[in-house]
Amino acid sequence: MGRKRGGTVTQAEQESVPQTPRAVADPAPLGLAAFALTTFLLSAKNAAWTDGTDAWLGYALAYGGLVQILAGMWEFRNRNVFGATAFGSYGGFWLGLGLYVALVSGAATAAQQANDLGWILLAFAIFNTYMMLWSAEVNQAVFAVFVTLEATEIILFIGNFATSPTTIKIGGYIGVLTAVCAWYASAAGLINNMLGRTFLPVGRPLLHQLIPGTARH
């Protein structure tokens, strides 16, 4: 079909022009909420607050695992490499930990389980170290999540290697604090996006204030 008089583009021509797809909504509040709840359930068990079974396990597979991975993939869509790496990795952490407990740990002795968990937590503490540093370029609320998470992982891998219930309890307490920080960051991201303004403060990025030439893009 040709153009209408006056150079107006026809509907068929409009439909043939490639359209830039819209970015998806911010998935960070969802990913943080999934991380927070699952961390809280496991940390409550580590702190010896619970009297039940492994209530955290199903949520590690579904909410902390699957939902966080989905949030990470949506962060890729939003071109947020930090969010994609964080949610994708910790979604994989919860899936991996849940599958380990469900499929592997039952055939191991208590000492073997503690050793396995020590190595898993040590590996993620290494990963979390640089994520913690780079989270300072996001905002102070997210930085608080990674700082408390770093402390949680370090104390828990020490406690598991030493088979020290007291140390593991301390790790559980700090894990609960980690969950609270993540819930706050989730709540702030949610309401601030809904209102289009800052209702719950998250703080300014820290890294580019400390290192010249690292302004955010």
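Residue indices begin at 1 and follow the sequence shown. These values consider heavy atoms only, across backbone and side chains, with no hydrogens, waters or symmetry-generated copies.
- Judged by distance alone, with hydrogens and angles left aside, the side-chain atoms of T198 form no donor-acceptor pair with the main-chain N or O of P201 at under 3.5 Å.
- Criterion: ILVMFWY side-chain heavy atoms under 4.5 Å apart, direct or through other members. Under it, I154 and W119 are part of a common hydrophobic cluster.
- Counting only distance, with no hydrogens or angles, the side chain of T148 and the backbone of V145 share a donor-acceptor pair below 3.5 Å.
- Considering CD1 of I191 and CE of M194, their distance stands at 5.0 Å, rounded to 0.5 Å.
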Starting from the C-alpha separation in whole Å, work towards a yes-or-no answer on side-chain contact (heavy atoms from CB on, under 4.5 Å) for Y173 and W49.
CA-CA 10 Å; Y173 301 151; W49 290 350; 3.6 Å; yes
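- Tracing side-chain contacts under 4.5 Å through hydrophobic residues (I, L, V, M, F, W, Y), one reaches L66 starting from Y100; they form part of the same cluster.
- Using cut-offs of 30° and 60° on the angle between ring planes, the pair F35 and Y90 is perpendicular.
- Of the candidates F82, F124, F127, F82 is the only one forming a ring-ring contact (aromatic ring centres under 6.0 Å, His included) with F146.
- Heavy-atom contacts from other residues, nucleotides or ligands closer than 6.0 Å to CZ of F157 number more than 12.
- Distance CG/L149 to OG1/T129: 10.0 Å, rounded to 0.5 Å.
- Residues L30 and W74 meet the side-chain proximity criterion, which asks for heavy atoms closer than 4.5 Å.
- Proximity of V142 to V202: side-chain heavy atoms (C-beta onward) are nowhere separated by under 4.5 Å.
- Between the CG atom of N46 and the OG1 atom of T39 there is a distance of 10.5 Å, given to the nearest 0.5 Å.
- Looking at every heavy atom in both residues, Q68 comes nearest to W94 through NE2-CD1, 3.4 Å.
- The side-chain contact (heavy atoms from CB on, under 4.5 Å) test with V101 is passed by exactly one of L117, D54, L61: D54.
- Checking side-chain atoms of N192 against main-chain N and O of L200 turns up a donor-acceptor pair under 3.5 Å.
- Separating the CG atom in L121 from the CD1 atom in I126 is a distance of 11.5 Å, to the nearest 0.5 Å.
- Under the 4.5 Å side-chain heavy-atom criterion for Ile, Leu, Val, Met, Phe, Trp and Tyr, M132 and L32 are members of distinct hydrophobic clusters.
- Scanning all heavy atoms of the two residues, the minimum distance from E75 to A84 falls at CB-N, 3.4 Å.
- Ring planes of F40 and W183: tilted class, angle from 30 to 60°.
- Of the possible donor and acceptor atoms, one in the side chain of Q140 sits under 3.5 Å from a partner among the backbone N and O of R204.
- Among all heavy-atom pairs drawn from A108 and Q113, the shortest one is O-NE2, 3.3 Å.
- Here the closest heavy-atom approach between residue V67 and residue A34 is recorded as CG1-CB, 4.0 Å.
- Using a distance-only test at 3.5 Å, with no hydrogens or angles considered, no donor-acceptor pair links the side chain of N115 to the main chain of A111.
- Going from atom NZ of K169 over to atom CD1 of I174 covers 15.0 Å, rounded to the nearest 0.5 Å.
- Under the 4.5 Å side-chain heavy-atom criterion for Ile, Leu, Val, Met, Phe, Trp and Tyr, L42 and L99 are members of the same hydrophobic cluster.
- Closest non-hydrogen pair, P29 versus G189, comes out as CG-C, 3.6 Å.
- Looking at every heavy atom in both residues, A71 comes nearest to G31 through CB-CA, 3.9 Å.
- Cluster annotation: I158 and L156 are assigned to the same hydrophobic cluster (Ile/Leu/Val/Met/Phe/Trp/Tyr, side-chain heavy-atom contacts under 4.5 Å, transitive).
- In this structure, the separation between CG on L122 and CZ on F161 is 5.5 Å, given to the nearest 0.5 Å.
- The side-chain heavy atoms of S105 and D116, taken from C-beta on, include no pair separated by under 4.5 Å.
- T178 and T152 share a side-chain donor-acceptor pair at under 3.5 Å.
- Put simply, the side chain of T85 does not reach to within 4.5 Å of the side chain of Y130, judged on heavy atoms.
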